[in-house]
Amino acid sequence: MKRKLLTGLSLLLISSMALAQTTFEPKATINASTGANPYTIDSGLLDNDAYVDIVIGTDGGNTVEWYKNNGDGTFAASVTLVATGTEALLYVEGVHIADVNGDGNNDILATSYGNSNLVWFANNGDGTFADAVTIGTSLISGAGTVTTGYIDADSTLDVAVVAYGSGDVFWFANNGSGVFTGPYTIASVPTSGPGDIELTDYDNDGDLDAVIAFSDAGTIEVYDNNLLPSGAGVVSFTKYDNTVSSGNGYLFDIDVKDVNDDGILDIIKADSEPVGGMAGVAYYTKDTSGTATTFTETTITTTTIHTSKTAVNDFDNDTYNDLIVTNGYTSGLDVLWFESNTTGGFETEFSLDDSHQSIFDITVNDFDNDGDLDFATVSYYQSDLNWFENKLITLDVEDNTLQEITMYPNPTKNNLYFKGNINGDLNVSVYNVLGKRVIHSAVKTGQALDVSKLNNGVYIIKFNDYNTTYKFVKQ
């Protein structure tokens, strides 16, 4: 179980700060009195509207709490999901939102460290959830981080979970309706204390591999999924020959993102107890391809020693990934921002907040549907839930002109058209609110850009030749 570290308090509430092209509003408190010691958080669409909701798990309150987004910058009072009897939860240290039964409604998964339980709450589709149901039949000793992915490369979401107590990382196969078999082993390293897992196609061979942070062992390892390209149809995992990172003091957070914007996945860590000169925040690039690759470390300088979580996303919509780092202690700056410098690195840290301590988890999403990424956090010792609004985009959807180019209609259901003084092709890229490019096309005046296959929501459109971005709404 992750230690809860407490030192002297230092509070400083700051006003809205502009950094480069991005301005974050001061934290807005969603709930100043959550269940005791909120530890984990996730966000997603949960009640059939267009606004992203929030789910948290509490370590001291033993609760899973759902917060409905009202769509006006506020959230409804929490709804505590029901988990009793054999499904009861003690120290909730993992929550995750995903449609595990394939009915089109996002469900909620949760783990219980104290009584080694992994459960899911089915979404009834009407803003309510069924009672908790245990996944699988075996106890997951010290269950922690939980995530989902297509591990066996079929069309149903499988579930992966770390077992901190036994040193195992397991996955459960889903039959598509929320019935699971397993657990099956991804990794088994006694006394290693696995603290975090990311599922990703790290080697670009078509299946999901596992990147795992072992807290007690102080290591980061990559496990190759052998399912593809062999085509054998049987999932098994083989650890890479070389350890990504070792000698870490207290490692409960990793992420797999293109940190340096070179088009290749990197691994980033936040170590809350760095020892022996190790960096609290660093990312690792792979030197070659394949399981024999070695790794190169790049450290990120920060004044906060006890870093807890990182979030790598393009917050200012310039197509380069930025970085947010949170603090796991009660002393030191609590939320730090690092803007990408467009050359694969980051500018000097900037403090976004120093008013809520021990942030053990963060979730990034567009909570106000304005086309830019906001983020929400939980404060362990203050037992509160907060969100930070990104004020980057202020352009109304009616204002569609870019120099001599006009984009219409906006909002649109099927096609976007462009007119103006255009010579030759107009190079257009479309990004979702998580910064992933979903369309890249060249169109001429009068031709349509087909956006009909996009999900409903807000998108960023970039006219590449002008190096400028605006938003449009897909209905």
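Computation of the quantities below employed the complete heavy-atom set of this structure, encompassing side-chain atoms and omitting hydrogens, waters and symmetry-equivalent molecules. Quick caveat: nothing in here was measured; it's all calculated off a predicted structure.
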Does Asn117 form a side chain to side chain contact (heavy atoms under 4.5 Å, CB included) with Ile140? I'd like the steps, not just the answer.
CA-CA 6 Å; Asn117 210 356; Ile140 307 301; over 6 Å; no
Please test Val119 against Leu109 for side chain to side chain contact (heavy atoms under 4.5 Å, CB included), starting from the C-alpha separation and ending with a verdict.
CA-CA 6 Å; Val119 305; Leu109 299 99; over 6 Å; no
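In this view, Leu208 and Leu199 satisfy the side-chain contact (heavy atoms from CB on, under 4.5 Å) rule, not counting sequence neighbours. Take Ser166 and apply the side-chain contact (heavy atoms from CB on, under 4.5 Å) test, not counting sequence neighbours, and it matches Ser141, Ala163, Asp168. Under the rule for a salt bridge (Lys or Arg N to Asp or Glu O under 4.0 Å), the partners of Asp255 that lie at least two apart in sequence or sit in another chain are Lys257. Residues passing the side chain to side chain donor-acceptor pair (under 3.5 Å) test with Ser112, sequence neighbours excluded: Asn115. Among residues two or more places apart in sequence or in another chain, the ring pair (Phe, Tyr, Trp, His ring centres under 6.0 Å) test is passed with Tyr320 by none. Checked against salt bridge (Lys or Arg N to Asp or Glu O under 4.0 Å), Glu349 has no partners two or more places apart in sequence or in another chain. For Asp72, the side chain to side chain donor-acceptor pair (under 3.5 Å) partners at least two apart in sequence or on another chain are Thr74. Here Asp47 pairs with Lys68 under the side chain to side chain donor-acceptor pair (under 3.5 Å) rule; sequence neighbours left out. In this view, Glu198 satisfies the salt bridge (Lys or Arg N to Asp or Glu O under 4.0 Å) rule with no residue, not counting sequence neighbours. In this structure Asp103 satisfies the side-chain contact (heavy atoms from CB on, under 4.5 Å) test together with Asp99, Asn101, Asn105, sequence neighbours excluded. Applying the ring pair (Phe, Tyr, Trp, His ring centres under 6.0 Å) rule to Phe129 yields the partners Trp66; only residues at least two apart in sequence or on another chain are considered. Residues meeting the side-chain contact (heavy atoms from CB on, under 4.5 Å) test with Ser215, sequence neighbours left out: Tyr164, Tyr250, Phe252.
No donor-acceptor distance shorter than 3.5 angstrom exists from the side chain of Asn31 to the backbone of Leu385, with no hydrogens or angles considered. Side chain of Asp209 to backbone of Asn225: a donor-acceptor contact under 3.5 angstrom is found. In this structure, the side chain of Ser43 does not engage the main chain of Asn365 through any donor-acceptor pair within 3.5 Å.
Contact between Leu333 and Ser351 at its shortest, heavy atoms only, is CD2-OG, 3.8 Å. Smallest separation of non-hydrogen atoms from Leu227 and Ile151: CD2-O, 3.8 Å. The minimum heavy-atom distance between Val162 and Val169, with the atom names listed, is CG1-CG2, 4.2 Å. The heavy-atom pair separating Pro38 from Ser383 by the smallest distance is CD-CA, 3.4 Å. Looking at every heavy atom in both residues, Met278 comes nearest to Gly247 through CG-O, 3.5 Å. Of all heavy-atom pairs between Ala311 and Val364, the closest is CB-CG2, 3.8 Å.
Counting only N and O atoms by type, the side chains of Asp216 and Ser192 include no donor and acceptor under 3.5 Å apart. In this model, a donor atom of one side chain and an acceptor atom of the other lie less than 3.5 Å apart for Tyr67 and Glu65. Residues Thr58 and Tyr39 bring no donor and acceptor atom of their side chains to less than 3.5 Å of each other. Counting only N and O atoms by type, the side chains of His306 and Ser272 include no donor and acceptor under 3.5 Å apart. Remark: the Thr243 side chain and the Glu221 side chain contain an N/O donor-acceptor pair separated by less than 3.5 Å. No side-chain donor from either of Tyr113 and Glu93 sits under 3.5 Å from a side-chain acceptor of the other. No side-chain donor from either of Asp224 and Thr291 sits under 3.5 Å from a side-chain acceptor of the other. A donor-acceptor contact closer than 3.5 angstrom is absent between the side chains of Asn242 and Thr294.
More than 12 heavy-atom neighbours from other residues, nucleotides or ligands sit within 6.0 angstrom of CG on Leu265. Within 6.0 Å of CG on Asn455 lie no more than 12 heavy atoms contributed by other residues, nucleotides or ligands.
The ring pair (Phe, Tyr, Trp, His ring centres under 6.0 Å) test with Phe388 is passed by exactly one of Phe375, Phe315, Phe367: Phe375.
Using a cutoff of 4.0 Å between basic side-chain nitrogens and carboxylate oxygens, Lys309 and Asp361 are scored as salt-bridged.
Within the 4.5 Å cutoff, no side-chain heavy atoms of Ile56 are placed close to those of Val95.
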